[in-house]
Chemist: 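The structure under discussion is supplied below as structure tokens; questions concerning it will follow.
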Amino acid sequence: MSADIPATPERSDFIREIVAADVREGRVSDVVTRFPPEPNGYLHIGHPKSIALNFGIAQEFGGRCHLRFDDTNPIKEEQEYIDSIQEDIRWLGFEWGEHLYFASDYFHQLYDWALYLIKAGKAYVDDLSADEIREYRGTLTEPGKNSPWRDRSIEENLDLFERMRAGEFPDGARVLRAKIDMASPNINMRDPVLYRILHATHPRTGDEWCIYPLYDFAHGQSDAIEGVTHSLCTLEFEDHRPLYDWLIENLPVPSRPRQYEFSRLNFTYTVLSKRFLRRLVSEGHVRGWDDPRMPTLAALRRRGFPPEGLRNFLDIVGLGGKGTSAAEIEMLEHEVRDVLNRRAPRRFAVLRPLKLVIDNYPEAQVEEMEAVNNPEDPSAGTRKVPFARELWIERDDFMENPPSKFFRLAPGREVRLRYAYLVTCTDVVKDASDEIVELRCTYDPETHGGDAPDGRRPKATLHWLSSEHAVPAEVRLYDRLFTRPDPGADGDLFADLNPDSETVREECLVEPELAGLPIGETVQFERLGYFCPDPDSTPGRLVFNRTLGLRDTWARLQAQSRRP
RNA sequence: UGGGGCGUAGCCAAGUGGUAAGGCAACGGGUUUUGGUCCCGUGAUCCCAGGUUCGAAUCCUGGCGCCCCAGCCA
């Protein structure tokens with residue numbers, strides 16, 4: 001388990017209480033859990049709850065957590081996903097060591113157990129088609145009826161199942177079913193299908209098999225093989241538990257795992273359906289699974305989210321109850337900002353440059369101004385930022401006719417240039433089309449560093465860049481992928497996609513210090529937000545992603561006055 | 001009108017018969033060389049109706065509402 005995550009015994013929820021009781025009362029000695037992803041897509045923001053739960057419990061109880069791929073459906077699964085899932089779990093901060101497993105490792109054992117069930121008269125080969133099986137299953141309110149093939153002899157079942165395995169039949173021709181109860185009120189118990197014929201190449205077993213077990217026949221048995229004590233899954237499997245138990249009880253498995261269910265975690269402004277995410281990628285609405293707008297872990301990583309923010313969020317949310325819930329995405333963002341505020345070095349960057357010339361500042365002079373790297377962390381020290389007569393400031397920091405609540409730069413007004421001087425705007429230069437192209441200012445030489453000897457305190461402090469020293473960069477601003485908190489509520493997810501989820505600004509400038517920043521390292525652009533270099537960066541062209549903006553009271557005020 | 005679950009503030013969530021934690025959001029105010037951070041303040045009688053009890057969000061009964069299950073997906 002990762003060393004940087006301290007065990008917090010105080011953490012408690014109904015599952016930890018069950019585990020604690022099992023240990024206390026001697027039902028289990030070594031706690032074993034498992035995270036069982038199907039490698040059919042990228043891990044998304046809904047997965048860490050299960051990952052942190054399973055790895056966390058193993059860690060807290062001195063047990064172990066297995067990473068086991070539930071790879072029983074070769075039609076949907078790919079090696080690319082097997083790789084990305086491992087990378088994402090490690091990024092999140094969890095480690096399974098040598099305990100990497102695949103359900104496909106157990107195909108031979110599972111096959112033997114299928115034979116065992118047949119010999120016990122508890123499974124049979126059914127010749128019904130998929131459609132017929134559906135008809136025979138009955139409905140939610142009516143019982144099903146027995147398949148005409150339900151009472152074949154054990155010998156015939158054995159023969160047929162072996163021939164299924166040998167590849168004598170085409171896909172869909174026959175299935176192996178458990179013989180339980182077609183009248184059960186629980187549809188999962190109406191002779192569930194255990195094996196189907198699939199002439200497909202498996203990412204790991206290749207063409208060795210043409211029959212594959214279904215989830216229900218693979219999962220619990222894999223748990224038993226690995227000695228998993230607590231098999232934690234989401235609520236929708238609650239009514240599979242009787243089947244889970246039935247199989248464990250009717251097979252000569254080496255251990256007795258127990259299944260417990262917890263609620264999934266959803267978020268506002270977010271869609272986690274793998275099918276939909278796959279379409280976003282394949283239809284080009286985003287550039288890939290790790291497009292920073294995606295809700296995948298790969299995307300959050302690329303966007304600069306610290307995994308600790310995710311973990312802290314999960315700690316605060318807890319396991320929750322057994323109801324349906326969607327956390328407001330703001331809650332996650334708060335935890336991410338909390339981590340970044342403490343950790344991210346401060347830097348200067350200008351997104352929409354406006355030229356500012358200080359008329360009374362010596363023509364060729366350059367001063368190295370001392371800037372604090374992180375006011376939240378004195379040990380981060382300081383750095384030098386070059387200051388000169390010609391500067392860039394943020395266009396949004398100047399208004400020719402400011403409303404009363406605007407207290408940044410305006411004609412005749414004095415503001416502070418952070419860590420530099422107090423400057424006063426004396427003139428506004430415009431081009432032929434009346435666009436403001438330049439500001440003329442004067443500075444007060446007595447205010448070096450930003451403090452006035454006479455105690456004058458401007459209402460605003462601005463960030464700036466020396467035009468001679470500033471480094472050009474592209475900055476990509478990200479916003480929510482959807483325009484509403486409940487995307488798709490009107491029936492069309494695509495209609496709710498936010499057309500402004502990405503804004504690319506090519507003409508940005510950053511302080512020289514930023515040129516060598518490693519990919520994925522998140523810094524704060526003062527007064528703007530958190531940003532990190534994107535992998536698209538090249539030595540000659542810096543590209544930054546906005547991880548998250550800072551809370552912005554001024555923007556909120558403006559929005560309020562626009563729609564009162 | 002089958003089965004399995006769930007209903008505590010806008011959102012998440014503690015609470016397990018003794019008189020409703022906490023966080024996010026929102027709204028006020030203070031500090032501030034980031035309109036950031038930080039600090040202070042403001043909100044519920046627990047889906048509804050009966051009942052048991054000295055006492056119920058917690059127990060019982062009856063309603064109402066919401067979620068999941070009819071893949072040879074997981």
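Throughout, a chain's letter reflects where its sequence line sits, starting with A, and its residues are numbered from 1.
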Chemist: Output all residues satisfying side chain to side chain contact (heavy atoms under 4.5 Å, CB included) with A/L214, sequence neighbours left out; order by chain, then residue number.
Modeler: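 If we apply the side chain to side chain contact (heavy atoms under 4.5 Å, CB included) test to A/L214, skipping adjacent residues, the hits are A/V193, A/R196.
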
Chemist: I'd like the P distance from B/A56 over to B/C68, given in whole Å.
Modeler: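 Their P atoms lie roughly 36 Å apart.
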
Chemist: Check the orientation of A/H240 and A/F237. Use parallel for under 30°, tilted for 30 to 60°, and perpendicular for over 60°.
Modeler: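 Because their plane-to-plane angle is over 60°, the rings of A/H240 and A/F237 count as perpendicular.
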
Chemist: Please report the distance separating the C1' of B/C73 from the corresponding atom of B/A13, rounded so that it comes out in whole Å.
Modeler: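 Going atom to atom, C1' in each nucleotide, I get 33 Å.
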
Chemist: Could you work out which one of B/G23, B/G5, B/C27 sits closest to the side chain of A/E238?
Modeler: B/G5

Chemist: What distance, rounded to whole Å, do you find between the two P atoms, one in B/C54 and one in B/A44?
Modeler: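 Nearest-Å result for B/C54 against B/A44 at atom P: 30 Å.
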
Chemist: Can you tell me the Watson-Crick or wobble partner of B/A26, both distances under 3.5 angstrom?
Modeler: B/U42

Chemist: What residues form a ring pair (Phe, Tyr, Trp, His ring centres under 6.0 Å) with A/W554, not counting sequence neighbours?
Modeler: A/F406

Chemist: Could you check how far CZ of A/R16 sits from C1' of B/A14, rounded to whole Å?
Modeler: 15 Å

Chemist: Using atom CG of A/D486 as one end and atom C1' of B/C11 as the other, report the distance to the nearest whole Å.
Modeler: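 Interatomic distance, CG of A/D486 to C1' of B/C11: 13 Å.
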
Chemist: Could you pull out all residues at least two apart from A/M331 that satisfy side chain to side chain contact (heavy atoms under 4.5 Å, CB included)?
Modeler: A/F313, A/V317, A/A327

Chemist: Do you know which two heavy atoms are closest between A/P37 and A/R68, and how far apart they sit?
Modeler: CD-O, 3.4 Å

Chemist: Is it the case that the base of B/G5 and the side chain of A/E261 share a donor-acceptor contact (distance under 3.5 Å, atom types as modelled)?
Modeler: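 Between B/G5 and A/E261, which were checked side chain against base, a qualifying N/O pair under 3.5 Å is absent.
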
Chemist: Give me the distance, rounded to whole Å, that separates B/C40 from B/G51 when you measure between the P atoms they each carry.
Modeler: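 Here B/C40 and B/G51 have their P atoms 45 Å from each other.
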
Chemist: In chain order, what residues pass the side chain to side chain donor-acceptor pair (under 3.5 Å) check against A/D451, with sequence neighbours excluded?
Modeler: none

Chemist: At under 4.0 Å between heavy atoms, which parts of nucleotides 69-74 of chain B does protein reach? Answer with one letter per nucleotide, 5' to 3': B base, S sugar-phosphate only, - none.
Modeler: BBSBSB

Chemist: Is the A/Y421 ring parallel, tilted or perpendicular to the A/Y443 ring (thresholds 30°, 60°)?
Modeler: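 A/Y421 and A/Y443: perpendicular rings.
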
Chemist: Both distances under 3.5 Å, Watson-Crick or G-U wobble: report the partner of B/G65, or none.
Modeler: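 Base-paired to B/C6.
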
Chemist: Is it the case that the side chains of A/Y136 and A/D191 hold a donor-acceptor pair, with the cut-off being a distance below 3.5 Å and no angle test?
Modeler: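 A/D191 vs A/Y136: no donor-acceptor pair found between side chains.
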
Chemist: With C1' as the reference atom in both, quote the distance from B/G5 to B/U42 in angstrom, rounded to an integer.
Modeler: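 Looking at atom C1' only, B/G5 and B/U42 are 37 Å apart.
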
Chemist: Pull out every protein N or O sitting under 3.5 Å from an N or O of nucleotides 36-43 of chain B, one pair per line with the distance.
Modeler:
from, atom 1, to, atom 2, distance (Å)
B/G36, OP1, A/T553, OG1, 2.6
B/G36, N2, A/E376, OE2, 2.8
B/U37, O2', A/N341, ND2, 3.0
B/U37, O2', A/E376, OE1, 3.3
B/U37, O2', A/E376, OE2, 3.3

Chemist: Which heavy atom in A/R556 sits nearest to a heavy atom in A/R551, and how many Å separate them?
Modeler: NH2-NH2, 3.3 Å

Chemist: For the P atoms, the ones on B/C67 and on B/A25, what distance do you get once it is rounded to whole angstrom?
Modeler: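 B/C67 and B/A25 have their P atoms separated by 29 Å.
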
